[in-house]
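This report concerns only the one structure given below.
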Amino acid sequence: MAPIPDDVTARAAQLTALLERYNHEYYVLDAPTVPDAEYDRLFRELQALEAAWPALRTPASPTQRVGGTPVPVFESVRHAVPMLSLNNAFSDLTQDDFAVRHAEIIQFDERVRRGLGRSDSPVRYAVEPKFDGLAISLVYEHGVLTQAATRGDGLTGENVTENVRTVRTVPLRLATSQPPALLEVRGEVLMLRRDFEALNAAQAARGDKVFANPRNAAAGSLRQLDSRITAQRRLSFFAYAIARVEGATWPDTHQYEMQWLEQLGLPLVVPALRPVVEGVEGLAEYYERVHAQRSTLPYDIDGVVYKVDSLADQARLGFVSRAPRWAIAHKFPAEEALTVVDAIEEQVGRTGALTPVARLRPVAVGGVTVTNATLHNEDEVHRKDVRVGDTVIVRRAGDVIPEVVGVVLERRPMQPVAGGDLFSPSEVPLHPPYRIPATCPVCGSHVVREEGEAVARCSGGLVCSAQRKQAILHFAGRRAMDIEGLGERYVDALVDLGFVHSVADLYHLTLADFVAMKARSDETASPLAEAEVPGAASSSRTAPTRWAENLLAGIAASKTPPLARFLFALGIRHVGESTAKTLADWLGSLERVRQAPAPILAALPDIGLVVAEAIAEFFAEPNNAAAIDALLAAGVRPQGEGLPAAALAEQLEPARLLTRMGIPRLTELRAGQLLAQAGSLEALVTLAPEQLPVAWPEPLRLAWREWLAQPERRALLAATAHQRSALLAALPAMPDVSANLPLAGRTLVLTGTLPTLTREAAQALIEAAGGKVSGSVSRKTDYVVAGEAAGSKLAKAESLGVPVLDEAGLQALLAGTMAGGEAAS
DNA sequence: ACGCCTCGAGTTCT
DNA sequence: CTCGAGGCGT
């Protein structure tokens, strides 16, 4: 290749420098000094030079902001310094008292001052808005941007360098003649509100999908595999931290860090929004000020961030389970909005539960458009007195789920009443108070509400198509049989068109069935029509069976589930994952679970009479028995341990079993006396009245005789005795050794996202080590394992003094090398 | 009998 | 995540 003439190299360098300066003036300083046309002219000149001499085209060239070749997939990038998330503090602005309103600020400041051993002098804090965008890490080597990565799980992110290069405010080269050998900057990529609106307008005009909020638009744009698309989207960047410096002096306060970054040409938020303040009053004042300004800012924020300004002090404070002790995110309270209830409809759940749902006029709350909100149950609707036509206050509670806070009664639609006078109102509400319907909206069966229960249920059982669909969906669910690809759309179509009546039918479906189903659902324009991929109109001839093959493969692959998951999949009332696991662990086979009478089941840990009877009734019900037999006949083989648990003998002590028969006033002590008289469970049936224990008072003797009088109870007693013997005979010869495992008898709670383990993987490891994973923190919790974005459970652990571990701590515990955890402050 | 704790069930939107 | 309800220890 011909060498590049010196004058060309010089001109290219000159153009690059000019374009970089104009870029910075335009996008970062918002103060252009040249007309756009001049910029475009220089830009095209540089492009032309680069076209003639491609060697000039470096990654740092301003021409490279237009995006390059699409990548098949983002490669992953390991962060040299982990990208942490901050602990959260929440505010409740409904309180007036300063101490109450700013309790989180006061607590944070106290923790900081305690940690620094500084009781009187106020701490200096660098404060800034908490952007609602995507955290990004930028690496500059000798002043040139060489890598940009998303946060990912904090340890490993995605390499999005090509995309970030197209973000106009990100300098491709640092504005200094003596750049550090290495500089890693952390900041946020986001979309300004005006850019978001323009983008959505353009998307809508083109008939493309619009984004729900700027955050989603930014995320969607940044994660484009084709960076040319990213280049067309107006993304912005704000820097807020330095992660690594080599070959330069690291400033000693956060404030100086920011000043340095600004000198290097990195965009920062306007100075007024990032002051250094002192003490609690300074933090509170800043919080109030930004909160008040929130809606007028050019971008979305979801709170503010407080950081101890001195880096030496930051170092002294250190970290608790991967979140810094010297910084905290203070979130604004949930946003509320007003909207109108168009209708109240009922959803029918798997158990037949009718749940009233408010259909709302679409309204934006906290970044998403809300159209539905659950009203939980009839009582709840009455408590809030929500009616059709009402204007209601909607909030996104905690983080996601929309909630109707209350009704604005002044706006309730009314109608005049004839003959109204001083003593009777002249108008009444247009709509009556809500009533749960008397019949199921799906199948018309009557609706029953048990005495003392909050939920109303459709009595139709599996006759009700809604219940059937939900039962099948539950059966196929990820935590149950895990049939891949069988989602709501297919279940709806399969049931509506009569291809599937019960779960066993799934295993008899053929390719021909699916093709027929597809044909019929196309005719009837059922929801399946929407399942087609864009442009599938022509491909429905060419590859009509691909999805069906996948589905059939998914169904076939689900034939050998672990017993616990199979039991859970059956959808027995009161039997969730945990109870299903108890049954599987203790009894070891489907047959033993099916045959166990209620008292045996109630002898197992955490299973009482209510649950035991629900299980026994489920298996006794002929329809259910037939459905299970059909599954077995179709080749479904739940995988059990084969043997009951060795410790079962203790659970099945005859006196214990007797107390679980549902006999009134029979305590364990009295059951023991009774057994001493009879000699064995079997002999109880024939025990003569005069042989009852002498210590028994007359009412008890009467209660016993009355209970035993019914034949089915004598049968239950006999069946229980029989099953007990059978189970004991099947017990394994060797006692189990689980007591020696490192986490035997320990209860752990997982919260947040762990850096490398998934929640399921962590749970599996803990259980393999003999421990138990629970969902909520209490005094009985031995450890809380906290990851990224840990929430209320971490806070609760700290308030109860429960030790908090990070993933490394958990691994140490699993290895049995650690006696205790790192205690939280 | 009471109260704590855990589990089950239902839910929204992208 | 939140509520309601069942299980179990006190």
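Chain letters run A, B, ... following the sequence lines, proteins first and then strands; every chain starts at 1.
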Handout entry: Pair A:R656 + A:E668: basic N to acidic O under 4.0 Å
Key = no

Item to check | N or O in side chain of A:N377 less than 4.0 angstrom from C:dC3 OP1/OP2 | outcome: no

Picking from B:dC13, C:dA5, C:dG6, the nucleotide nearest the side-chain atoms of A:V610 would be C:dG6

Heavy-atom contacts, protein to nucleotides 2-11 of chain B, under 4.0 Å, summarised as B (base), S (sugar-phosphate only) or - (none) per nt, yield ---SBSSSSB

*Lys/Arg-Asp/Glu bridge criterion (N-O < 4.0 Å) met for A:R215, A:D300*: no

Q.
What I want to check is whether the side chains of A:R350 and A:Q467 have a donor and an acceptor closer together than 3.5 Å.
A. no

In whole angstroms, the gap separating C1' of B:dT14 from CZ of A:R215 amounts to 11 Å

Taken to the nearest whole Å, CD/A:E613 to P/C:dG6 is 12 Å

Ionic contact status for A:R387 with A:D385, cut-off 4.0 Å = yes

A:E450 atom CD is separated from C:dG6 atom C1', nearest whole Å, by 15 Å

Quick one: is B:dC13 close enough that its OP1 or OP2 comes under 4.0 Å of any side-chain N or O from A:T371? yes

Here the distance between atom P of C:dG6 and atom CG of A:L604, to the nearest Å, is 18 Å

- Query: Would A:D585 and A:K581 pass as an ion pair if we require N to O under 4.0 Å?
  - Reply: yes

Rounded to whole Å, the CD-C1' distance (A:Q651 to C:dC8) equals 13 Å

When rounded to whole Å, the CD to C1' distance for the pair A:E668 and C:dG9 reads 14 Å

Item to complete: Would you please classify the geometry between the A:Y299 ring and the A:F131 ring as parallel, tilted or perpendicular, with 30° and 60° separating the classes?
Response: perpendicular

A:R665 CZ to B:dA1 C1', in whole Å, measures 17 Å

